[in-house]
Novice: 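If you scroll down you'll find the structure; I have some questions about it.
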Amino acid sequence: MQNIIKIIRLGESEYLSNLLEIERAKNFEQTFALLDAEKISSEDLSCSRLLFAIHLEKFGTNPKVDAFVTKLAHLCEKNPSLFEQSVGAVFISSEEEEYTKMVASLFVYRLNKLGLRFIGRPILEAPRGLANLTSYLSRNGLSEEENLKLQFEKLILRLANWENAREKTSRNILVLHSSNEDSNTLELWQMVRQHLGDFSMEEIFLGNGKIFDCKDCGYKICKHFAKQKSCYYGGIVVEEVYPAILSADILVMLCPNYNDAITANLSAMINRLTALFRHQKFYDKKIYAVIVSGSSGTEAVATQLVRALNMNKTFELPPEFSLSAIANDKGAIHAVPEIQEKAKRFAQGIIRENL
């Protein structure tokens with residue numbers, strides 16, 4: 001894989017232009033290569049470190065983004081290994097304070113379905129006014145613009161230094177769910193699991209009122225318990241989930257679609273993960289998901305997981321991280337066309353990633 005970071009610009013951002021001028025003063029040409037999104041080819045995308053620079057106009061619009069994704073989809077039809085051994089990240093700016101996270105997560109999800117891996121915390125947002133960086137002021141005394149530069153350099157460093165940790169000898173999978181035994185989601189996972197015989201597997205059930213949601217203890221209290229790898233509210237999250245996540249290489253989330261979101265218990269678990277996250281980041285762990293919807297909205301659940309666990313909690317997003325299906329009635333998952341084959345391919349993807 002090339003160490004040079006290839007920047008693909010989708011829109012003109014003053015923030016990005018200023019950052020690149022700063023980098024240019026530090027031997028820009030040996031660090032970056034600027035690619036034309038309209039002229040991009042398959043050869044530009046394989047074995048590469050890719051930074052997608054998106055600028056949003058009013059109401060979060062950018063027609064270049066959809067055109068670019070469509071172009072990539074056509075390239076992928078001709079070359080299914082389009083993003084083989086490549087890894088990506090996103091710099092996204094906006095003329096408003098809104099839309100950056102939502103647009104970025106959908107963009108990441110689309111490219112991930114085409115086979116592109118994303119590093120943990122792959123996004124840097126630069127909305128109008130940089131209000132998202134104000135909190136850094138109290139921590140390091142730097143202005144929003146200075147913190148943007150600092151965070152940009154950190155993003156570039158993570159992307160440049162990313163290496164696939166396939167040399168790991170342990171292959172531990174942690175499965176988290178809150179589904180009943182006869183749920184379509186759990187049934188789909190069983191189809192996948194039967195092809196993962198060589199993996200160490202731990203499954204934790206988070207249903208039946210076993211988990212309390214985060215109650216906003218405040219930064220200092222959370223940090224205090226984080227030093228102890230604990231949380232003020234204790235319970236199954238501290239006693240079982242924390243140790244299991246620390247020892248796992250792979251986290252699999254089993255997610256039935258509840259009003260176009262993950263279940264309340266799984267959401268609470270992610271919120272409670274903050275205390276452990278303050279103690280240890282999860283860049284070396286991968287996130288997968290099995291998602292079943294009664295009708296539509298699987299992409300809403302998938303992008304929620306991208307935002308929560310990849311963009312916020314730093315889990316790496318491996319190629320095609322999610323398996324989804326539509327199944328409403330009890331047992332309907334077994335009638336989904338080619339579902340057994342899809343489950344097998346999903347399992348094979350996990351195996352390839354962790355040989």
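Remember, predicted model here, so these are calculated numbers, not experimental data.
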Novice: Which pair of heavy atoms, one from Tyr288 and one from Gly349, lies closest together, and at what distance?
Specialist: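 That closest heavy-atom pairing would be OH-O, 4.2 Å.
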
Novice: Can you check whether Asp329's main-chain N or O pairs, donor with acceptor, with Asn184's side chain at less than 3.5 Å?
Specialist: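 Answer holds: yes.
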
Novice: Report, as yes or no, whether the 6.0 Å neighbourhood of atom NZ on Lys281 holds more than 12 heavy atoms from other residues, nucleotides or ligands.
Specialist: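 Above 12, so yes.
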
Novice: Side-chain contact test, heavy atoms from C-beta onward, threshold under 4.5 Å: evaluate it for Lys342 versus Phe346 and give yes or no.
Specialist: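 They are not in contact (no side-chain heavy atoms under 4.5 Å apart), so the answer is no.
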
Novice: Between Lys113 and Cys76, does a side-chain contact (heavy atoms from CB on, under 4.5 Å) hold up when you go through it step by step?
Specialist: CA-CA 10 Å; Lys113 285 178 70 69; Cys76 195; over 6 Å; no

Novice: Do Arg272 and Val238 pass the side-chain contact (heavy atoms from CB on, under 4.5 Å) test, and can you show the C-alpha distance, the side-chain angles, and the key distance before you say yes or no?
Specialist: CA-CA 9 Å; Arg272 292 280 301 281; Val238 172; 4.2 Å; yes

Novice: Tell me whether Leu246 shares a hydrophobic cluster with Ile236, the cluster being built from Ile, Leu, Val, Met, Phe, Trp, Tyr side chains joined at under 4.5 Å.
Specialist: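 Yes, because Leu246 and Ile236 connect within a single hydrophobic cluster, where side-chain heavy atoms sit under 4.5 Å apart.
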
Novice: Counting distance only, does the side-chain N/O of Asn312 pair as donor-acceptor with the main-chain N or O of Arg307 below 3.5 Å?
Specialist: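 Yes: the side chain of Asn312 pairs with the backbone of Arg307.
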
Novice: Can you tell me if Lys6 and Ser48 form a side-chain donor-acceptor pair at under 3.5 Å?
Specialist: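 Yes, side-chain donor-acceptor contact under 3.5 Å.
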
Novice: Is the backbone of Pro318 close enough, under 3.5 Å, to the side chain of Asn112 for a donor and an acceptor to pair up by distance?
Specialist: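 Between the backbone of Pro318 and the side chain of Asn112 there is a qualifying donor-acceptor contact (under 3.5 Å).
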
Novice: Kindly indicate whether the side chain of Leu16, heavy atoms from C-beta on, has any atom under 4.5 Å from the side chain of Ser93.
Specialist: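 The answer is no; the side chains never approach within 4.5 Å.
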
Novice: Do Phe199 and Met191 share a hydrophobic cluster, counting only Ile, Leu, Val, Met, Phe, Trp and Tyr and linking them when any side-chain heavy atoms are less than 4.5 Å apart?
Specialist: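 Same cluster: Phe199 reaches Met191 through Ile, Leu, Val, Met, Phe, Trp or Tyr contacts under 4.5 Å.
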
Novice: Apply salt bridge (charged side-chain N to carboxylate O under 4.0 Å, His left out) to the pair Arg49 and Glu163, showing each step before the final yes or no.
Specialist: CA-CA 11 Å; Arg49 302 172 196 273; Glu163 294 295 340; 3.4 Å; yes

Novice: Has the side chain of Gln151 got a donor or acceptor atom that lies under 3.5 Å from a matching backbone atom of Leu124?
Specialist: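 Checking the backbone N and O of Leu124 against the side chain of Gln151, no donor-acceptor pair under 3.5 Å is found.
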
Novice: Regarding Lys313 and the six-membered ring of Phe277, is the cationic atom NZ or CZ under 6.0 Å from the ring centre and inside 45° of its axis?
Specialist: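 Yes, Lys313 and Phe277 form such a contact.
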
Novice: With the threshold set at 4.0 Å, does a side-chain nitrogen-carboxylate oxygen contact exist between Lys149 and Glu153?
Specialist: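 Glu153 and Lys149: salt-bridged.
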
Novice: Give me the one residue out of Leu305, Leu317, Val108 that meets side chain to side chain contact (heavy atoms under 4.5 Å, CB included) with Met311.
Specialist: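 Passing option: Val108.
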
Novice: Is there a side-chain contact between His177 and Val252 (heavy atoms, below 4.5 Å)?
Specialist: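 No, too far: nothing below the 4.5 Å cut-off.
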
Novice: Please step through side-chain contact (heavy atoms from CB on, under 4.5 Å) for the pair Ile173 and Asn354, ending with a clear verdict.
Specialist: CA-CA 11 Å; Ile173 294 179; Asn354 299 277; over 6 Å; no

Novice: What heavy-atom pair brings Ile123 and Leu155 nearest, and what distance separates the two atoms?
Specialist: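 Looking at all heavy atoms of both residues, the closest pair is N-CD1, 4.3 Å.
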
Novice: If you round to the nearest 0.5 Å, how far is CG of Leu45 from CG of Leu116?
Specialist: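 Reported value, rounded in 0.5 Å steps: 8.5 Å.
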
Novice: For the OG1 atom of Thr100 and the CG atom of Leu56, what is their distance to the nearest 0.5 Å?
Specialist: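 Result: 7.5 Å between the selected atoms.
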
Novice: Just wondering, do Leu75 and Asn79 contact through their side chains at under 4.5 Å, heavy atoms?
Specialist: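 A side-chain contact is absent here, since even the closest heavy-atom pair is not under 4.5 Å.
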
Novice: Do Ile204 and Ile262 sit in the same hydrophobic cluster, where Ile, Leu, Val, Met, Phe, Trp and Tyr count as joined when their side-chain heavy atoms come under 4.5 Å apart?
Specialist: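 Hydrophobic grouping puts Ile204 with Ile262.
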
Novice: Between Glu12 and His55, does the side-chain contact (heavy atoms from CB on, under 4.5 Å) criterion hold? Intermediate values first, please.
Specialist: CA-CA 6 Å; Glu12 295 301 320; His55 181 67; 5.9 Å; no

Novice: What I'd like to find out is whether the side chain of Phe282 reaches to under 4.5 Å of the side chain of Leu309, using heavy atoms alone.
Specialist: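 The answer is no, as the side chains (C-beta and beyond) never meet within the 4.5 Å cut-off.
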
Novice: Quick one: are Leu111 and Phe118 in side-chain contact, heavy atoms under 4.5 Å?
Specialist: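 Yes - at least one pair of side-chain heavy atoms lies under 4.5 Å apart.
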
Novice: Taking atom types as modelled, find out whether Ser41 and Asp44 have a side-chain donor-acceptor pair closer than 3.5 angstrom.
Specialist: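 Side-chain D/A pair, Ser41 to Asp44: present.
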
Novice: Grab the two heavy atoms, one from Gln304 and one from Ala261, that are nearest each other, plus how far apart they are.
Specialist: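 Scanning both residues completely, I find the closest heavy atoms to be OE1-CA, 3.3 Å.
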
Novice: To the nearest 0.5 Å, what is the distance between CZ on Arg171 and CG on Asp249?
Specialist: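 Interatomic distance, Arg171 CZ to Asp249 CG, rounded to 0.5 Å: 9.5 Å.
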
Novice: Would you find a donor on one side and an acceptor on the other, under 3.5 Å apart, between the side chain of Asn180 and the backbone of Asp182?
Specialist: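 Not confirmed, Asn180 side chain does not pair with Asp182 backbone.
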
Novice: Check the hydrophobic clustering (I, L, V, M, F, W, Y; side-chain heavy atoms under 4.5 Å; chains of links allowed) and say if Phe32 and Tyr15 are grouped together.
Specialist: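 Yes; tracing contacts between hydrophobic side chains, which count when under 4.5 Å, links both residues.
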
Novice: In Å and rounded to the nearest 0.5 Å, what is the CZ to NE2 distance from Arg345 to His195?
Specialist: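 One gets 11.0 Å once the value is rounded to the nearest 0.5 Å.
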
Novice: Which pair of non-hydrogen atoms, one from Leu186 and one from Ser183, has the smallest distance, and what is that distance?
Specialist: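 Distance-wise, the nearest heavy atoms are N-OG, 3.0 Å.
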
Novice: Would the distance check show the side chain of Ser42 and the main-chain N or O of Leu82 forming a donor-acceptor pair, the cut-off being under 3.5 Å?
Specialist: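 Not at all, since once roles are kept as given, no pair shorter than 3.5 Å links the two residues.
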
Novice: Verify the neighbour count for atom NZ of Lys154: are there more than 12 heavy atoms of other residues, nucleotides or ligands below 6.0 Å?
Specialist: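 Not buried by this count: 12 neighbours or fewer within 6.0 Å.
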
Novice: Decide, yes or no, whether a salt bridge links Glu353 with Arg117 under the criterion of side-chain N to carboxylate O below 4.0 Å.
Specialist: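 Salt bridge present between Glu353 and Arg117.
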
Novice: Short question: side chain of Ser94, backbone of Glu96 - any donor-acceptor pair under 3.5 Å?
Specialist: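 The answer is yes, because a donor-acceptor pair under 3.5 Å joins these two groups.
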
Novice: Check whether NZ of the Lys or CZ of the Arg Arg110 lies under 6.0 Å from the centre of the six-membered ring of Phe107 and within 45 degrees of that ring's axis.
Specialist: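 Negative - Arg110 is either too far from the ring of Phe107 or too far off its axis.
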
Novice: How about Leu148 and Phe152: do any of their side-chain heavy atoms sit closer than 4.5 Å?
Specialist: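 Not in contact.
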
Novice: If we ignore hydrogens and angles and just use 3.5 Å, is the side chain of Asn172 paired with the main-chain N or O of Ser200 as donor and acceptor?
Specialist: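 It does not hold such a pair.
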
Novice: Using the six-membered ring wherever Trp is involved, compare the ring planes of Phe321 and Tyr109 and label them parallel, tilted or perpendicular (cut-offs 30° and 60°).
Specialist: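 Ring orientation, 0 to 90° scale: perpendicular.
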
Novice: For Glu38, I'd like to know if atom CD has over 12 heavy atoms of other residues, nucleotides or ligands within 6.0 Å.
Specialist: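 No, the 6.0 Å shell around CD holds no more than 12 heavy atoms from other groups.
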
Novice: Checking His334 against Glu187: is there a side-chain donor and acceptor pair closer than 3.5 Å?
Specialist: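 Side chains of Glu187 and His334: pair found under 3.5 Å.
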
Novice: When you group the ILVMFWY residues by side-chain heavy-atom contacts below 4.5 Å and let the links chain together, are Val290 and Ile326 in the same group?
Specialist: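 Ile326 and Val290: separate clusters.
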
Novice: Rounded to the nearest 0.5 Å, what separates atom CD in Gln280 from atom NZ in Lys285?
Specialist: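 Between Gln280 CD and Lys285 NZ, I get 6.0 Å after rounding to 0.5 Å.
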
Novice: Quick one: closest heavy-atom pair of Leu10 and Asn62, and the distance?
Specialist: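 Scanning both residues completely, I find the closest heavy atoms to be O-ND2, 2.8 Å.
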
Novice: Can you check whether Val306's main-chain N or O pairs, donor with acceptor, with Ser105's side chain at less than 3.5 Å?
Specialist: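 No, because the side chain of Ser105 does not come within donor-acceptor range (under 3.5 Å) of the backbone of Val306.
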
Novice: Report yes or no: does Arg193 contribute a side-chain atom to a donor-acceptor pair with the main-chain N or O of Met201 at less than 3.5 Å?
Specialist: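 Not at all, since once roles are kept as given, no pair shorter than 3.5 Å links the two residues.
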
Novice: What's the shortest heavy-atom distance between Ser179 and Thr185, and which atoms?
Specialist: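 Residues Ser179 and Thr185, closest heavy atoms: OG-CB, 4.2 Å.
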
Novice: Say you draw a straight line from CG of Leu188 to CD of Gln340; how long is it, rounded to the nearest 0.5 Å?
Specialist: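 CD of Gln340 is found 9.0 Å from CG of Leu188.
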
Novice: Check whether any side-chain heavy atom of Leu114 lies under 4.5 Å from a side-chain heavy atom of Phe83, and answer yes or no.
Specialist: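 In short, these two side chains touch, coming nearer than 4.5 Å.
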
